[in-house]
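For reference, the structure discussed in these notes is given below.
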Number of protein chains: 2
Amino acid sequence: MSTHLHKQKTAALNALLTSSQRQLVRVISESGPLSRTEMANLLGLSKAAMSGIARDLIDLGVLHETETVYGQGRPSVRLDLHPECAFFVGISLLEDPAPMILSDLNGKIIARQSMPLSRDPHVIAEAITEGLPSLLQAHPDAKEKLSGIGVALSGFVDESQANCVQSTLLGWQDVPLAKIIRERSGVETFIENDAKAVAVSEKLFGSAREIQSFSVVSLGDGIGCAHFIDGKLYRGNHGGAGEIAHCTIEPGGSPCRCGKRGCLDTVSSMKAIKEMSRAEGLECTSLSDIEYEASTGNAAAIRILHRAGSALGLAIANLIQINDPGLILITHVEGSFDGLFGTVVNQAIETNVLPRYAGQTPIRIKRVDGDVWARGAASIAAHNFLIGPNSN
Amino acid sequence: MSTHLHKQKTAALNALLTSSQRQLVRVISESGPLSRTEMANLLGLSKAAMSGIARDLIDLGVLHETETVYGQGRPSVRLDLHPECAFFVGISLLEDPAPMILSDLNGKIIARQSMPLSRDPHVIAEAITEGLPSLLQAHPDAKEKLSGIGVALSGFVDESQANCVQSTLLGWQDVPLAKIIRERSGVETFIENDAKAVAVSEKLFGSAREIQSFSVVSLGDGIGCAHFIDGKLYRGNHGGAGEIAHCTIEPGGSPCRCGKRGCLDTVSSMKAIKEMSRAEGLECTSLSDIEYEASTGNAAAIRILHRAGSALGLAIANLIQINDPGLILITHVEGSFDGLFGTVVNQAIETNVLPRYAGQTPIRIKRVDGDVWARGAASIAAHNFLIGPNSN
DNA sequence: GACACTAAGTTCAGAAAATGAACAAATCAA
DNA sequence: TTGATTTGTTCATTTTCTGAACTTAGTGTC
């Protein structure tokens, strides 16, 4: 009974914050711990107003006091989001079995399990609902304060983060997945494209916290990309912003499954690299194998990696020219960006960017583990909790 | 005396609006005339609050009642910005002599003259100040309500729209032009990059009013580009967003004055087209001439236009893939987009965009007159008046 | 043409949110 | 110990917004 009440309260917590409180939560999630005075200045409010807002948020359990900073005058007390004021479940529909994780407001993974993947949205909703109790079992706190489910998938998602407009991988067309899961599980649910979910998780939890405009290029089996612009995820007019995989990078090149020719995807994706290797008679099952071959001087391997790296570098250079982001974050799962491929990519970026810019746009390479997608998914739920859907 | 007072009042008008009033002005400038009830809904305010805000803005002369719309119930009265509540001066530093125009809040050009171009910012400030009286002479209203000067130039401008970080054309490096002009003339001044100024003018006055995310590609002697994203001009981390002219479009192609090779600028700019024609022995002084040659079957002319068009089309297709804008607006001064060049551009866009997208992104071609840059410049001043620099 | 019906816009008392100024608290520096 | 300095709180006051009742200006019906 008490549990149920609490659940209702936290589930609606985001909704019952005033707009000033929301703004404050947003600022802290971007800047990290801040003193009340700093927050007042950032929000353009008086110290008096801040005092009240902070007190209310502390009472609600959203904020808590952290370290004390000593300077001249009375020391300031930094306030931060309470990492355990809300918990989120993230599910990646990119692999089978599908990973399912439980995370706190800092993106820390607290529990992990998996569930069978399906192409039927109702079966997915069922699997999630059945998986919840065991995921939450050892964490009574999380059970009470579960505030959202996030789902990452390969495909286009609409602006409300509720409907999958199209997914070739899952064979979907206009599937209201979020609603189906929400109704079955009783938990607020949001879905998002895989690359965009990773971008959100890097903005909330990762290495792009303080950067307002950046692009994430995520190298998995395919090539994904997403942009944050002026502190907001930019999804594009049809939700297609960041689809660099189908930029023409070799005009008149190999035919692509999308229908046109010379797409980046046909040269630089892991799938393409492996296929080209096979065609050249190389017995490679992973990028590391090919890198090894190249390091021993195998001409075919070197040629393939050069071609793939140049193409990706050129695409990223075009992205830099077009959008002038404050950071390019390249995430890769396979863990082999240190070899020839990575070198060529970096070089190709350098040579194809306006010399005045060269070196001006930081390129950060980040090796990520198998949890990226699920953590990204959870971050979508966290983002909706923190900032809300109507992110004005 | 009275004049002076009035001047002070209107100059600071923007500053003395409350944040709700500002928001309202912004919404109207985006959506066009609205009834009070519609405005209340859009801003999420009560009818009561709207009533007061509208009254104040009408008293200030910022809004006025326009048509009455009859439906069921009491008819609604649409309110619009009063076009003559503020006037702006726009100057283009792209030509010599430099055009100088006077415009109202609708972007209508009320007076026009020109001034000598200089590379010395103080001489420019002097010329503007000396030009003002004659520009305003026949318009006493504008004299009283002059609210800003905008300057468009080729180069990089910082976020405050006050400093020119770099301009190759003018030979500048960190020139605080806005401040110099402001101090000399006594009028609030803002500067902006040429392509970005055109984008703002299309958003405020032109064909992109209601579109939140779009890109403008402006074809003049060079190729400019600028993006609006979620209703805001996106300038990029170093003010370089939209620099598509130096995207590598023909890897290993002709050397470019920027230092690298195969830039779009080396194939598709008017300058490049003319140069290539000359190299091929064609006696052409304008794009129309080359178009004419092509239409009579001249192989060289056809080849040149094909190459230029394909390159520009590919660059735009990449832009679409990367940003998925709601509109691509191509503005061209030379008035010759109806021929082969235009056809090839359109075709190249189609064939290089993900087939699923093809035709989904509207491409609008707009022939503009010689006033584009000056009008764009004026729109920068208007934008700062309407929305303010701190466009939260 | 009188009547109800509908929706826009206004008014006004009261609630909500933010401010300014005075003050309490917690440290450093001399 | 005393003064300087800066954080954070309190409280009366002002600003801004809301809700409900009301006025206004039409349409539709008989």
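Labels below follow one simple rule: chain letters A, B, ... track the order of the sequence lines, proteins then strands, and each chain is numbered from 1.
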Among residues at least two apart in sequence or on other chains, which ones pass side chain to side chain contact (heavy atoms under 4.5 Å, CB included) with B:A162?
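In terms of side chain to side chain contact (heavy atoms under 4.5 Å, CB included), with neighbours along the sequence ignored, B:A162 is linked to B:S160, B:A178.
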
Counterpart residues, side chain to side chain contact (heavy atoms under 4.5 Å, CB included), relative to A:Q212 (two or more places apart)
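For A:Q212, the residues satisfying side chain to side chain contact (heavy atoms under 4.5 Å, CB included) (neighbours in sequence not counted) are A:E30, A:K203.
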
Spacing of B:L329 atom CG and B:S207 atom OG [to the nearest 0.5 Å]:
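Interatomic distance, B:L329 CG to B:S207 OG, rounded to 0.5 Å: 4.5 Å.
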
Please confirm whether B:F385 and B:F88 have ring centers closer than 6.0 angstrom.
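Between B:F385 and B:F88, the centre distance is under 6.0 Å.
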
Between [X] and [Y], is any side-chain donor less than 3.5 angstrom from a side-chain acceptor?
X	Y	answer
B:N384	B:Q161	yes
A:N323	B:N323	yes
B:D324	A:N237	no

Along DNA chain D, 5' to 3', what are the outermost nucleotides having an atom less than 4.0 Å from a heavy atom of chain A?
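First and last nucleotides in contact are D:dT5 to D:dC11.
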
What's the verdict on side-chain hydrogen bond (donor to acceptor under 3.5 Å, both in side chains) for B:Q23 and B:S20, showing C-alpha distance, side-chain angles and the deciding distance?
CA-CA 5 Å; B:Q23 265 185 283; B:S20 297; 4.8 Å; no

Under 4.0 Å between a side-chain nitrogen and a carboxylate oxygen: does that hold for B:R375 and B:E202?
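No, this pair does not count.
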
Considering only NZ, NE, NH1 and NH2 on the basic side and carboxylate oxygens on the acidic side, decide whether A:R36 and A:E65 come within less than 4.0 Å.
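Answer for the salt bridge query: yes.
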
Side-chain N,O ([X]) to OP1/OP2 ([N]) below 4.0 Å:
X	N	value
B:R36	C:dT10	yes
B:T37	C:dG9	yes
B:S76	C:dA8	no

Quiz: residues 67-76 of chain A side-chain donor-acceptor pairs under 3.5 angstrom, not counting sequence neighbours:
unit_1, atom_1, unit_2, atom_2, d
A:E67, OE2, A:R78, NH1, 3.4

Please state how far atom CD in B:E65 lies from atom P in C:dA8, giving the value in whole angstrom units.
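That distance rounds to 15 Å.
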
Would you kindly give the CZ-to-C1' distance between B:R55 and C:dA8, to the nearest whole Å?
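The distance from CZ of B:R55 to C1' of C:dA8 comes to 15 Å, rounded to the nearest Å.
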
For nucleotides 25-30 of chain C, give me every protein contact, N/O to N/O, under 3.5 Å, one pair per line with atom names.
unit_1, atom_1, unit_2, atom_2, d
C:dA26, N3, A:R74, N, 3.3

When you compare the protein's N or O atoms with those of nucleotides 12-18 of chain C, which come within less than 3.5 Å of each other, and at what distance?
unit_1, atom_1, unit_2, atom_2, d
C:dA18, OP1, A:S20, OG, 2.6

